[in-house]
Amino acid sequence: GLAWHPFEPKLVSIRVMPNTKLICSVLNVQGKQLLITSETEILLSKPYGEIIAITHHPDLPQILIVSSSHVFIWNYDDNRIVQIIDVGEYKLCRGDFYPNKQLVWLLTKSYSDTENEWLIWNCETNIISQYDLELNQYGDYSRGSILHPSGELICALWSGSYCGCVLHTA
């Protein structure tokens, strides 16, 4: 997975290696070249499955890594896992930071593809809660949802017999 730094010409790459290791490369853009400025192994206590998504924190040197069974935050400046949570009961398809330091949003992909959920992970308490309003419209669930950079609106796209976009207060 790849994630751009929000303000600097820096790209972070996460590669899954066999067993319990991820390789994180931080690359700087200089002219028309990408130069590796650091490469670090993230050693995990157990395999965490397929990497679904990675995103960069808006302010901190942290990467959110969404895998098929866990979500964790890794600080690439001091090479440590900040927080980790088992999400084995959910099938995740996206995730990103809220524009603050303690919340992450996660979007599930249901097995039936009709009842996806918007989850909120409080990284300080390590508790996941479900967004209390359904993002369904006309019986068809969102095919994609995203948080506005302000952290105050969720846009849920839906399709089926009708299509459109619904805005929710986050």
Side-chain angles (χ1 to χ4, degrees), residues 1-111 113 116-130 142-149 151 154-157:
L2 296 170
W4 282 106
H5 187 281
F7 307 110
E8 298 176 25
K10 187 182 292 188
L11 184 65
V12 178
S13 164
I14 302 284
R15 297 185 318 263
V16 179
M17 303 304 286
N19 301 325
T20 59
K21 183 169 52 171
L22 301 177
I23 302 292
C24 178
S25 303
V26 179
L27 303 103
N28 282 341
V29 177
Q30 293 184 353
K32 294 182 179 183
Q33 296 181 336
L34 283 174
L35 303 174
I36 296 176
T37 56
S38 69
E39 193 161 82
T40 308
E41 290 183 0
I42 305 172
L43 299 175
L44 306 171
S45 60
K46 62 181 183 176
Y48 288 115
E50 176 188 359
I51 301 296
I52 307 297
I54 69 167
T55 57
H56 197 290
H57 192 281
D59 301 316
L60 303 173
Q62 295 180 349
I63 301 294
L64 176 72
I65 301 171
V66 179
S67 81
S68 54
S69 64
H70 288 75
V71 178
F72 52 100
I73 298 171
W74 179 68
N75 183 311
Y76 60 82
D77 271 358
D78 59 7
N79 189 24
R80 70 181 174 89
I81 294 177
V82 176
Q83 190 62 278
I84 189 165
I85 192 163
D86 183 335
V87 292
E89 65 191 75
Y90 300 105
K91 183 179 177 186
L92 300 177
C93 61
R94 293 188 66 172
D96 203 346
F97 293 96
Y98 270 80
N100 62 34
K101 293 181 172 75
Q102 72 270 6
L103 296 178
V104 165
W105 64 265
L106 302 165
L107 184 65
T108 69
K109 181 175 183 179
S110 71
Y111 295 102
D113 202 28
N116 301 19
E117 297 173 306
W118 184 275
L119 306 174
I120 301 168
W121 175 31
N122 185 319
C123 304
E124 290 180 356
T125 63
N126 211 27
I127 294 173
I128 289 182
S129 58
Q130 185 176 341
S142 70
R143 302 300 179 229
S145 298
I146 193 159
L147 184 71
H148 186 273
I154 299 169
C155 178
L157 296 173

Could you please spell out the steps behind the side-chain contact (heavy atoms from CB on, under 4.5 Å) verdict for Cys123 and Val82?
-> CA-CA 9 Å; Cys123 304; Val82 176; over 6 Å; no

For side-chain contact (heavy atoms from CB on, under 4.5 Å), just list the numbers for Leu34 and Val29, CA-CA rounded to whole Å, side-chain angles, deciding distance to a tenth of an Å, and then say yes or no.
-> CA-CA 5 Å; Leu34 283 174; Val29 177; 3.4 Å; yes

Are Ser129 and Asn122 close enough, and set up right, to give a side-chain contact (heavy atoms from CB on, under 4.5 Å), and what steps lead you there?
-> CA-CA 8 Å; Ser129 58; Asn122 185 319; over 6 Å; no

List the steps and the verdict of side-chain contact (heavy atoms from CB on, under 4.5 Å) for Leu22 and Ile65.
-> CA-CA 11 Å; Leu22 301 177; Ile65 301 171; 4.3 Å; yes

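Nearest heavy atom pair, residue Leu27 against residue Ser13, reads CD1-CB, 4.2 Å. When all heavy atoms of Trp121 and Val71 are compared, the closest pair comes out as CZ3-CG1, 3.4 Å. Taking all atoms of both residues into account, the shortest heavy-atom contact from Gly95 to Val66 is CA-CG2, 4.2 Å. Taking both residues in full, the closest heavy atoms of Pro99 and Pro58 are given as CA-CG, 4.4 Å, listed atom of the first, atom of the second, then distance. Residues Leu92 and Ile52 come closest through the heavy atom pair O-CG2, 3.8 Å.
Between the CG atom in Leu35 and the OG atom in Ser25 there is a gap of 12.5 Å [rounded to 0.5 Å]. Remark: Asp78 CG to Gln62 CD distance equals 8.5 Å, nearest 0.5 Å. Taking CD1 from Ile127 and CD1 from Ile85, the interatomic distance works out to 8.0 Å, rounded to the nearest 0.5 Å. Atom CG of Asp96 and atom NE2 of His57 lie 9.5 Å apart (nearest 0.5 Å). Interatomic distance, CD1 of Ile51 versus CD1 of Ile14, reported as 7.0 Å (0.5 Å rounding). For the atom pair CD1 (Ile54) and SG (Cys24), the distance works out to 7.0 Å, reported to the nearest 0.5 Å.
When each of Phe97, Trp74, Tyr76 is checked for a ring pair (Phe, Tyr, Trp, His ring centres under 6.0 Å) with His56, only Tyr76 meets the rule.
Counting only residues at least two apart or in different chains, salt bridge (Lys or Arg N to Asp or Glu O under 4.0 Å) contacts with residues 23-36 are absent.
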